Every structure is written in C-alpha cells, then in structure tokens.
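Throughout, protein chains are lettered first and strands after them, A, B, ... in sequence-line order, and every chain is numbered starting at 1. All values derive from a computational prediction rather than experimental measurement.
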There are 2 protein chains.
Amino acid sequence: MAQAIRLHQASPLKASCHQCSLSNLCLPLAVEENDLDRLEDIVQQGRIFNRGEHIFDQSTPFRSCFAVKSGAIKTSIISENGEEQVTGFFMPGELVGLDSMGSKNYACTARALERTSVCEFPVDKLEELTGKLPDLQHHMYHLMSQEIQGSHQLAMLLSKNTAEERIAALLLSLSSRFQRRRMSGTNFSLPMARNDIANFLGLAVETVSRVFTRFQNQGIISARGREVELLDVEALQTVTREFSRQNT
Amino acid sequence: MAQAIRLHQASPLKASCHQCSLSNLCLPLAVEENDLDRLEDIVQQGRIFNRGEHIFDQSTPFRSCFAVKSGAIKTSIISENGEEQVTGFFMPGELVGLDSMGSKNYACTARALERTSVCEFPVDKLEELTGKLPDLQHHMYHLMSQEIQGSHQLAMLLSKNTAEERIAALLLSLSSRFQRRRMSGTNFSLPMARNDIANFLGLAVETVSRVFTRFQNQGIISARGREVELLDVEALQTVTREFSRQNT
DNA sequence: ATCCGTTATTGATGCATGTCAAAACCGTAC
DNA sequence: GTACGGTTTTGACATGCATCAATAACGGAT
C-alpha cells in the first residue's frame, strides 16, 4: 500500500535512484547499495516527453537506454515501405532500448503513448560501469535475455493462438505489470489505442474491437474506451490456456 | 577465398579458437588477437551430439552457451501442456543459449538436428571474462541485441505475412547463412524437417508442403526432400517484399 | 531387397479473421 | 455550445489457411 518513498537527503537536484519508488523494478534491482551511487552518477534523470513525441528514432545513432518513470512508451519497427510493426509496450520500471545494445544505431523507434518521464542511461557509460560491477553486468544480461524470451513468447502467441487468446494474454500481462507497481490489477486504463493493440498482436483493428465486445458480453471484462475493468480474471486465464487444452 | 587457417602450435590437444575456421563468425569476432587466448582458456571444445540428442533442456540449471561448429541445432519451448514451439535454428558460427543469459535455468531446449559438434562456454567463466574484456562484453551485448531484433523480425513475419512470404524469407535466411560459410547459397540441404519449418513459421505442415510445390511449379526453386536449389533468388526476394508493395 | 514407421504430398471442406463500408463515439479547438 | 478529425464499433462478405483424410515417398532395420 504505502509507497515507501525513502527521503534521501543527498543532492536534491541531482539524479537519485535511491529515492525512486521504482528502484526495485528498475536496473538497480541486483545492485548493492553502495554500487547504486555509481549508477546514479551516470543517469540523467527527469526528461519528459509529451504524447506522441519520439524518445529516439530507428537508424539514428544509438546513445542511450531509457527507463520509464511514469507514463508509457511503445516501440516499433518501420520497414522500408513505411509499414509499422509495434514491437513492445513499456511501462514504468521497464527499460527501453535493449534491442539496440552493442549496435551503432537504434533498431526501433520509441515514442510516448502519453505524457512520460524517463531516466536516460548513456550506453558508453553504462558499458563501462557494467565492466566494473559484475552484479550490474549480470543484471543487464538478465534483462536482455528476458527480452529475448518475451519476444519468443510473443512469436508463439502470434503463430499459434486465436485473437481471443492473444487479447486475453495482453490484458493479463498489463494487469500484472500494473500490480507490480502496487496499482489495481483489475481496474486500469489502457495507455495504447486499439490500433496499437491490433498491430502488436497481428490482428485487424476490427477484430480487436469485436473481441473486446465479446468479452464484455460474456461478463469477463467491462470496457469503455481505454478504461478497462477485469471482472473475471480466472476466465481470462482460462482463455489463454484454452488452446493448450484442446490439443491434449 | 583461401580459408586462412593459421596453424597455431600451442596445446594441440586443447581448444584453439585461433585455428577454427569459424573464428570470424563466432564470439572472437570483436576480440583482439591477444584476448583470444583468454577466451580459449575457458572454452571446452569438440563435444559431439548425434541427431536428436539434447544439448540442454529447458528448466535445467543454466551452465553454458554453445557455439555450433558443424551440424545444426534447433531450440524450442515446451509449454506446460507439452506443445512444442520452435524458437530458432542455429547454424555453424552461431551461438545458442543467449536467451538464458543471466537466468538460473535454461529458457528453452536445444537439440541437434543432425550430427553436430559444438564449443561450450561455461557462463560463470564467460561473465567473468566479459567483465575484464570490454570488447568481448560489447560483442555479447551485440549478439544478444541481435537475437532480440531477430525475434522481433520473426514476430513481424508471423503476424503480417502470408505462408509464401514466410517460407521465402526462411529460404533466403538459410541461403545467406550458408553463404557466410562460403558454401553455396543456392544449393543446400535443409537441416530440419518440414514439421520444424511449419512449427517455426506458425503454419501447418500441409501448407509448407503446398508452398514448396507451388514455388517449384513456378520455377522459383527445385526441391526433393530436404535437398533444395534456389533457381530464382530474385523471385524469392520479390515474394518477401510483395506484401509491402500491396499496401503502398 | 523387403518391410514398417515416419515424413511428405495432395485433395476437399470449414472456419477464423481480414477487408470493405458505414455509423457511432470521442476529444479537441474554435 | 458546435463542428471537426480521429478513433471505435458494428455489419456483410471474401479468403487464406487449418483441419481431416488418404495416398505416396522415404529411410532405417532386418
């Protein structure tokens, strides 16, 4: 409940990971208390982006990873012809830009879905630091491998599951990510448009819309615009596993 | 042209990345000459697996990454109910296990598609070494981010492209990977069964088969079993971009 | 060489989802 | 408040691919 914001008196104008309420979700997770100071040294905190603004652009020089403090970010790849493919949604405490680590240019474009504040980790400093702090390096590997795994899960969802299953999975994913931040896991507002959901899940907008109303008619959710309430989480979980059962 | 195999007299029975013909594809790519020795120290070379044998299993303790020397490996995730999802194919010079870096257990199962030899990189030693060699660390980040990107590309392929486009893309991918090894890019034998292709691309086996024969009738490829010849690479490339053009 | 299990091909049919079209809704600016 | 562009919903229709079913080709073992 209580948000456990420790007031830490050092350098009030400067970045402070210590007093960030997300510190246990973000990079510092695996880092020792005294190492945290060194991470703070390289972080540029508090940049703010308005809805629709680009945090970075595909094919421009890769300089930094960004941790979301508040708001939400979507990443997408624009193919040669201008087709957009949404590759992910990032909520507070999550790190954007890992798919570009070790590359010269950003592999995707990131833009704010709503008013969003971020912390910036310049990659040169970050690599230097991970070379010195084995725990931090290990954590970076962990985050990156998580992203690979997540991507595989997504591919699996896209290739084997129905529209209902994909949407149920997304809703549950968002739910648990809200819960991690001590917010309601059953009552939240979607940061992204139906269009983005459709694109991300490889569906047509119309299909997304239809599934939403179907779920609503079944009493599983209640949705008005971006405002969503999960009325029957169990049912949603069943939907995601439905597919599995059938083939047994 | 010439394969530039330098005979390096040190420790003939021990691992030697120096004299591996894949060294410019594998980990050492970005590593200084003198750093290569230190990498050699941690590598366990020459383990051999027969077709069907497991290199490692999902949910068992993560100990090592493996570089393919010869043969081919497929990785897959087994979901709770036993459904298999193929997540990747790995050819000589490619590194398997990156999706488990920083985790306690392997995130997927890897098995040999044919008789396969690998080099093993114990992860504890590897992390220790990347902490000391910034170039190697950078290279690891690069490889991992490549895998994220590849995974996104796959998701894109699965969510937006037709069966023909997916299969054309796979054939071209394999082609370029054979070419990297200075082998024919137009005449090769598929290391995997139709079943694996179907699973990987999110299609039914029958569909894969049908597309193969359709391509054959169009004179784009010539296939007998796993033996494949790409007769018209341009046409294949057109197929993969076909989708893009339509929506312009 | 022959047999048998696995893998691959081919055909017929049904369904989920894309596409096209239009109406309803929403937020924003004037 | 009203008017507008963009988003969301709903409906009718078309189609690509999965599914079921059967045959054919392959490959390893005897």
Side-chain angles (χ1 to χ4, degrees), chain A residues 50-52 74 83-86 113-115 156-168 170 189-218 221-228 239 242-244 246-248, chain B residues 50-52 74 83-86 113-115 156-168 170 189-218 221-228 239 242-244 246-248:
Chain A
N50 287 316
R51 163 196 255 252
K74 88 167 177 198
E83 276 286 306
E84 180 183 27
Q85 159 77 4
V86 176
L113 287 167
E114 49 192 71
R115 193 172 169 78
M156 197 155 156
L157 202 67
L158 293 175
S159 72
K160 292 207 162 36
N161 292 28
T162 67
E164 294 198 352
E165 288 156 358
R166 298 183 207 181
I167 290 174
L170 178 63
S189 103
L190 301 170
M192 71 295 277
R194 297 282 187 281
N195 218 332
D196 293 326
I197 295 179
N199 188 312
F200 179 64
L201 294 178
L203 299 168
V205 199
E206 296 93 325
T207 306
V208 174
S209 200
R210 274 185 256 268
V211 172
F212 266 83
T213 57
R214 218 177 302 159
F215 281 169
Q216 198 151 359
N217 292 337
Q218 296 170 354
I221 70 170
S222 153
R224 262 243 307 277
R226 297 191 176 187
E227 228 53 51
V228 176
V239 172
E242 197 82 330
F243 168 79
S244 328
Q246 290 175 1
N247 302 37
T248 309
Chain B
N50 286 317
R51 162 196 257 251
K74 88 167 177 198
E83 276 288 305
E84 179 182 28
Q85 159 76 4
V86 176
L113 287 166
E114 49 193 68
R115 193 173 169 80
M156 197 154 156
L157 201 69
L158 293 175
S159 72
K160 292 208 164 33
N161 292 29
T162 67
E164 293 198 352
E165 288 155 359
R166 299 183 207 181
I167 289 173
L170 177 63
S189 105
L190 301 170
M192 72 295 277
R194 296 282 187 280
N195 219 330
D196 293 326
I197 296 179
N199 187 311
F200 179 65
L201 295 178
L203 299 168
V205 199
E206 295 94 323
T207 305
V208 174
S209 200
R210 274 184 254 269
V211 171
F212 265 83
T213 57
R214 217 177 300 159
F215 281 168
Q216 199 151 1
N217 293 338
Q218 295 169 355
I221 70 171
S222 153
R224 262 242 309 279
R226 296 192 176 187
E227 229 53 50
V228 175
V239 172
E242 196 84 331
F243 168 78
S244 329
Q246 289 176 1
N247 302 37
T248 309

> Between R214(B) and R51(B), who's closer to the 5' end of DNA chain D by nearest nucleotide?
Replying inline: R214(B)
>> Both V205(A) and R224(A) contact DNA chain C. Taking the nearest nucleotide for each, which residue is further toward the 5' end?
In response: V205(A)
>> Return whichever of R166(A) or A223(B) has its heavy-atom-nearest nucleotide of DNA chain C closer to the 5' end.
In response: A223(B)
From [atom1] of [X] over to [atom2] of [N], roughly how many Å is that when rounded to an integer?
X       : N       : atom1 : atom2 : result
E227(B) : dT9(C)  : CD    : P     : 13 Å
I167(A) : dT9(D)  : CD1   : P     : 10 Å
R194(B) : dT9(C)  : CZ    : P     : 4 Å
N50(A)  : dT28(C) : CG    : P     : 13 Å
E164(A) : dA16(C) : CD    : C1'   : 10 Å
E206(B) : dG16(D) : CD    : P     : 18 Å
N161(A) : dT17(C) : CG    : C1'   : 15 Å
L158(B) : dG16(D) : CG    : P     : 19 Å

Distance test, side-chain N/O of [X] to OP1/OP2 of [N], below 4.0 Å:
X       : N       : value
T213(B) : dT10(C) : yes
T162(A) : dA16(C) : no
S209(A) : dT8(D)  : no

Would you mind reporting whether [Y] and [X] have side-chain heavy atoms less than 4.5 Å apart?
X       : Y       : result
I197(A) : L190(A) : yes
Q85(A)  : N199(A) : yes
D196(B) : L113(B) : yes

>> Regarding dG11(C), can its base be found pairing with the side chain of R210(B) as donor and acceptor, where the two atoms are less than 3.5 Å apart?
In response: yes
> What do you reckon, is CZ of R226(B) surrounded by more than 12 foreign heavy atoms closer than 6.0 Å?
Replying inline: yes
> For atom CZ of R214(A), is the number of surrounding heavy atoms from other residues, nucleotides or ligands below 6.0 Å larger than 12?
Replying inline: yes
>> Within the 4.0 Å heavy-atom criterion, would you say A204(A) contacts the bases, only the backbone, or no part of the nucleic acid?
In response: base
> From the list dT8(D), dT17(C), dC17(D), which nucleotide is the closest neighbour of the side chain of A163(A)?
Replying inline: dT17(C)
